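To start, the structure under review is shown below, and the notes come after it.
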Amino acid sequence: MRTDMCGDLRATDIGRTVAVCGWVARRREHGEHLAFIDVRDRTGLVQCVVDGAHDLRSEYVVRVTGTVRQRPEGTTNADLTTGDVEIGDCTVEVLNAAEPPPFPISDRVDADENVRLRYRYLDLRRDRMQRNLRVRAKVNSALRTSMERQGFVEVETPLLWTPTPEGAREFVVPSRLQHGSFYVLPQSPQLAKQLLMVGGVDRYYQIARCLRDEDLRADRQFEFTQLDIEASFVTQDEVLDVISEAVLDAAEAVTGNRPDPIPRIPWVDAMERYGSDKPDLRFGMILMELTEVFAATEFNAFKAPCIKGINAAGLAADYGRNKLDSLTDRAKQLGAKGLVWLKVGDGGALDSPVAKFLSPQEQEGIVAVLRAQPGDLLLLVADERHKVREVLGTLRNDLGRPPVSDGPYRYAWITEFPLFEGLDDQGNPVSAHHPFTMPHPDDLDLLETDPLKVRSQSYDLVLNGWELGSGSIRIHRADIQSRLFKTLGITDEEAQGRFGFLLNAFRFGAPPHGGFAVGLDRLIAILAGEDNIREVIAFPKTQSGLDPLTDAPKPVADTVLRDLGVRLLPPPT
RNA sequence: GGUCCCGUGGUGCAGUUUGGAGUGCACGCCGGCCUGUCAAGCCGGAGGUCGCGGGUUCAAAUCCCGUCGGGACCGCCA
């Protein structure tokens, strides 16, 4: 039907008779016998010179045959890849007429999200979306190639899975053949891939769809895609190497440049330096330790277990009283008792409401530790250590963080996460990752004595302040798993009920294993320069979980419910 | 469950603070003119439940309450 793609035509094609197919992007009429139409396909636009365009309208589907020729002197268009040439002597065949689109098929205007999604098939015609889909395809392809090269085998796992009461809320699927029982859609292939390790697959990967019935965000959809991997007989470093290779390959495939090797930062360092377990390494403003400086302070607000400060370099002039007050409000909102700000004057003197409470030695200490220069704005928080980290980490992002999709790409591995995060209502520790995460070998004996101090062999991958994924070395030995369940307050019977199939499998020779999962929607969004994963998903849902295109979710017929053995409750009042 | 922003011809916006005739801008659409444009240009025209419901008022796009939808965020996301 066609000989060429619109966007591919170049001066080297001059003289060829070609046929292109696509949509009428624009037409420019110059009287009865001269008109230009721009024909668009997924590769771009080409200008066709036609003898009148009266029967053509925007988005008509056409097949144009003609001869590629050099554009006349002075009429080339440097903004188009095809701008040196045009198709002349055109015959235009209308393959299909079209109504005017409900919004312009153009990158210049951003239509209402609801309208974009209702007419997603039109939205997808836009350059931006075409580009994003192709970035996505490139990433998928690069990852597959990388994983294959590294000896991994793609295995598909079930979508109809079994409920696991831990973790994210699951989508539930009623069983027609077993009334009263339900499948769930997997929040990840976690347990399936561990079974594959017991099955001797050794090196598994999958570009896997995962489903979680949790509230939606710019970086979260109900269904999302992970590069999921699991490997046997590996150390943590080996897992990190495999994933590093894969994501650097993906970035290189998209951008043409290979980002720097990915630094590995222990969790406690990330929290101390950036106040976050997903630090954005594109900017500094490190949280500096001031506790020692105020060891003997007379200033009551600084008689605290931990004092840290950040230096918002050069921002003193930008922050007048109002903005400083709202920063203070923000800090209090985050749970701080207060926020101390100091501006560094021209002579290096500190200008601050609390300056008079600080000794000269303390003031010098602040300047030295924060490497303060005239014009800098210094922000200090004194409190419990975890609170100081959290508040200053948030302020650091508020003050310094560029949009997520701005370059450069700064990946980071965060390692040695705590095994547990806090206590539940019954006073039992809560797994930070999941209950099959291997404790750090040096901390095993703390399981029974000081569980909250136990580090784990788990790790996150971060890119420009977005969490891209997480993984861990798993527990493969029954004795350690049993100790962990005991620490979590889970009895052997409960464990059997919840994860029996996995624990049974582990009795038959489970190899040491570990893995990781990379959130591809987020990775692709960042590589595509988007700050919302909807932009890299062909058919996403709105924030309230609706699909304006199909109107899903919808009620189903009573007969369907009857077949499933399901009865609806009256709507809540 | 909560906080904040948004909803005005097909599209994007202004108008809302301080109530006074559906007022304005740009694009698109329809018709006409136009032989080198490229976000073509010029002339003319059509097109409105100001998301929806209620309230206040002589009078509501504008103020108040509720509700629906979109977005950002908190909670939630082992």
Side-chain angles (χ1 to χ4, degrees), chain A residues 25-40 45-54 57-59 69-80 82-83 86 88 99-119 122-123 164-170 187-188 190-191 210-222 224 333-335 394 397-398 417 419-422 424 429-437 456 458 467 470-472 484 488 490 498-499 517 519 531-532 534 540-546 548 551 572:
Chain A
R26 265 183 295 278
R27 80 204 147 102
R28 296 176 290 279
E29 286 191 88
H30 291 258
E32 189 113 12
H33 291 297
L34 177 65
F36 303 96
I37 60 171
D38 292 339
V39 178
R40 179 192 66 236
L45 296 179
V46 66
Q47 170 168 287
C48 305
V49 186
V50 296
D51 179 18
H54 231 73
R57 290 291 182 272
S58 285
E59 301 310 314
R69 66 191 189 198
Q70 176 76 48
R71 290 197 188 190
E73 187 80 30
T75 65
T76 58
N77 184 349
D79 295 335
L80 290 181
T82 60
E86 62 190 12
E99 293 178 20
F103 55 87
I105 313 295
S106 158
D107 286 353
R108 261 184 285 277
V109 237
D110 217 355
D112 179 78
E113 193 69 18
N114 208 16
V115 180
R116 289 181 64 194
L117 294 185
R118 180 167 335 132
Y119 300 95
L122 297 180
D123 197 32
T164 46
E166 312 279 314
R169 184 182 298 116
E170 294 163 323
Q187 29 179 313
S188 81
Q190 179 61 41
L191 300 179
C210 308
L211 299 108
R212 295 179 188 174
D213 190 2
E214 299 287 355
D215 287 2
L216 280 49
R217 289 281 199 285
D219 59 354
R220 278 163 33 190
Q221 284 270 310
F222 285 153
F224 58 99
Q333 207 180 341
L334 294 165
T394 304
N397 278 335
D398 287 354
F417 272 74
L419 188 60
F420 307 106
E421 51 181 14
D424 67 12
V430 180
S431 284
H433 189 54
H434 58 59
F436 315 109
T437 304
S456 65
S458 70
E467 181 191 328
S470 57
S472 62
L484 195 81
L488 288 168
I490 298 174
R498 294 187 199 177
F499 317 109
D531 57 11
N532 191 305
R534 286 192 305 273
K541 308 239 177 335
T542 68
Q543 197 165 64
S544 52
L546 304 178
D551 281 337

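Labels below follow one simple rule: chain letters A, B, ... track the order of the sequence lines, proteins then strands, and each chain is numbered from 1. In this text the structure is predicted, and so the values were computed from the model without any measurement. All heavy atoms count here, side chains included; hydrogens, waters and symmetry mates do not.
Across all strands shown, B/rG51 is found opposite B/rU67 as a Watson-Crick or G-U wobble partner, with both distances under 3.5 Å. Across the strands present, B/rU3 finds its partner in B/rA72; the criterion is a Watson-Crick or G-U wobble pair with both atom distances under 3.5 angstrom. With a cut-off of 3.5 Å on both Watson-Crick or G-U wobble distances, the partner of B/rC42 is given as B/rG32. Nucleotide B/rU56: unpaired (no Watson-Crick or G-U wobble partner with both distances less than 3.5 Å). In this structure B/rC25 sits in a base pair with B/rG12, meeting the Watson-Crick or G-U test at under 3.5 Å.
Taking atom CG on A/L216 and atom P on B/rG70, their separation rounds to 11 Å, with Å as the unit. Rounded to an integer number of Å, the gap from A/R26 CZ to B/rC29 P is 11 Å. The distance from atom CG of A/L45 to atom P of B/rA39 is 10 Å, rounded to the nearest whole Å.
Between A/H54 and the phosphate of B/rG32, there is a side-chain N or O to OP1/OP2 separation shorter than 4.0 Å. Note on A/T542: every side-chain N or O is 4.0 Å or more away from OP1 and OP2 of B/rG69. Contact between the side-chain N/O atoms of A/R116 and the OP1/OP2 oxygens of B/rG70 is not found at any separation under 4.0 Å. Of the side-chain N and O atoms in A/R534, one or more sit less than 4.0 angstrom from OP1 or OP2 of B/rG71. OP1 or OP2 of B/rA40 sits under 4.0 Å from a side-chain N or O of A/R28. Applying the 4.0 Å criterion to OP1 and OP2 of B/rA72, one finds that A/Q543 has a side-chain N or O inside that range. Side-chain N/O atoms of A/S58 include one lying less than 4.0 angstrom from OP1 or OP2 on B/rC29.
Considering only heavy atoms from C-beta on, A/R69 comes within 4.5 Å of A/V49 through its side chain. Looking at A/E59 and A/L122, their side chains never come closer than 4.5 Å, going by heavy atoms from C-beta outward.
For the C1' atoms, the distance from B/rU18 to B/rU57 is 16 Å, rounded to whole Å.
Taken from OG1 in A/T164 to NE2 in A/H434, the straight-line distance is 11.0 Å, to the nearest 0.5 Å. To the nearest 0.5 Å, atoms CD (A/E170) and CD (A/E214) are separated by 10.0 Å.
Within 3.5 Å, no donor on the side chain of A/E29 pairs with an acceptor on the base of B/rU37, nor the reverse. With hydrogens and angles ignored, no donor-acceptor pair under 3.5 angstrom links the side chain of A/R27 to the base of B/rU37. With hydrogens and angles ignored, a donor-acceptor pair closer than 3.5 Å exists between the side chain of A/R71 and the base of B/rC38. With hydrogens and angles ignored, no donor-acceptor pair closer than 3.5 Å exists between the side chain of A/E113 and the base of B/rG69. Put simply, the side chain of A/R220 and the base of B/rC77 share a donor and an acceptor less than 3.5 Å apart. If you check distances only, the side chain of A/R217 does reach the base of B/rG75 with a donor-acceptor pair under 3.5 Å.
Lacking a ring centre under 5.5 Å from that of the base six-membered ring together with a plane angle below 30°, A/H30 does not count as stacked on B/rG36.
Residue contacts shown for A/R40 are absent, as no nucleic acid heavy atom lies under 4.0 Å away. Among the heavy atoms of the strands, none lies under 4.0 Å from A/Q221. Nucleic acid contact for A/T437: none, since no nucleic acid atom lies under 4.0 Å from a heavy atom of the residue. Nucleic acid contact class of A/S472 (heavy atoms, under 4.0 Å, all strands): none.
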Contact pattern, 5' to 3', of nucleotides 4-11 of chain B - B, S or - by protein heavy atom under 4.0 Å = ------SS

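Remark: the backbone N or O of A/G83 is paired with a side-chain donor or acceptor of A/R71 at under 3.5 angstrom. The backbone N or O of A/D213 lies less than 3.5 Å from a partner atom in the side chain of A/R169, making a donor-acceptor pair.
Summary of the strand contacts: A/L191 and A/L80 both lie near RNA chain B, and taking for each the nucleotide with the nearest heavy atom, the more 5' one is attributed to A/L80. Residue order along RNA chain B, read from the 5' end via each residue's closest nucleotide, puts A/R108 first among A/R108 and A/H434.
A/L484 and A/P435 make their closest contact through CD2-O, 2.8 Å (heavy atoms, listed as atom of the first residue, atom of the second, distance). Nearest heavy-atom pair, A/S188 versus A/C210, reported as atom, atom and distance to 0.1 Å: CA-SG, 3.8 Å.
Taking the side chain of A/L34 as heavy atoms from C-beta on, and the options B/rC77, B/rU35, B/rU37, the nearest nucleotide is B/rU35. Among B/rC38, B/rC30, B/rC77, the nucleotide with an atom closest to any side-chain atom of A/A168 is B/rC77.
For the pair A/R28 and A/D38, the salt-bridge criterion is met [side-chain N within less than 4.0 Å of a carboxylate O].
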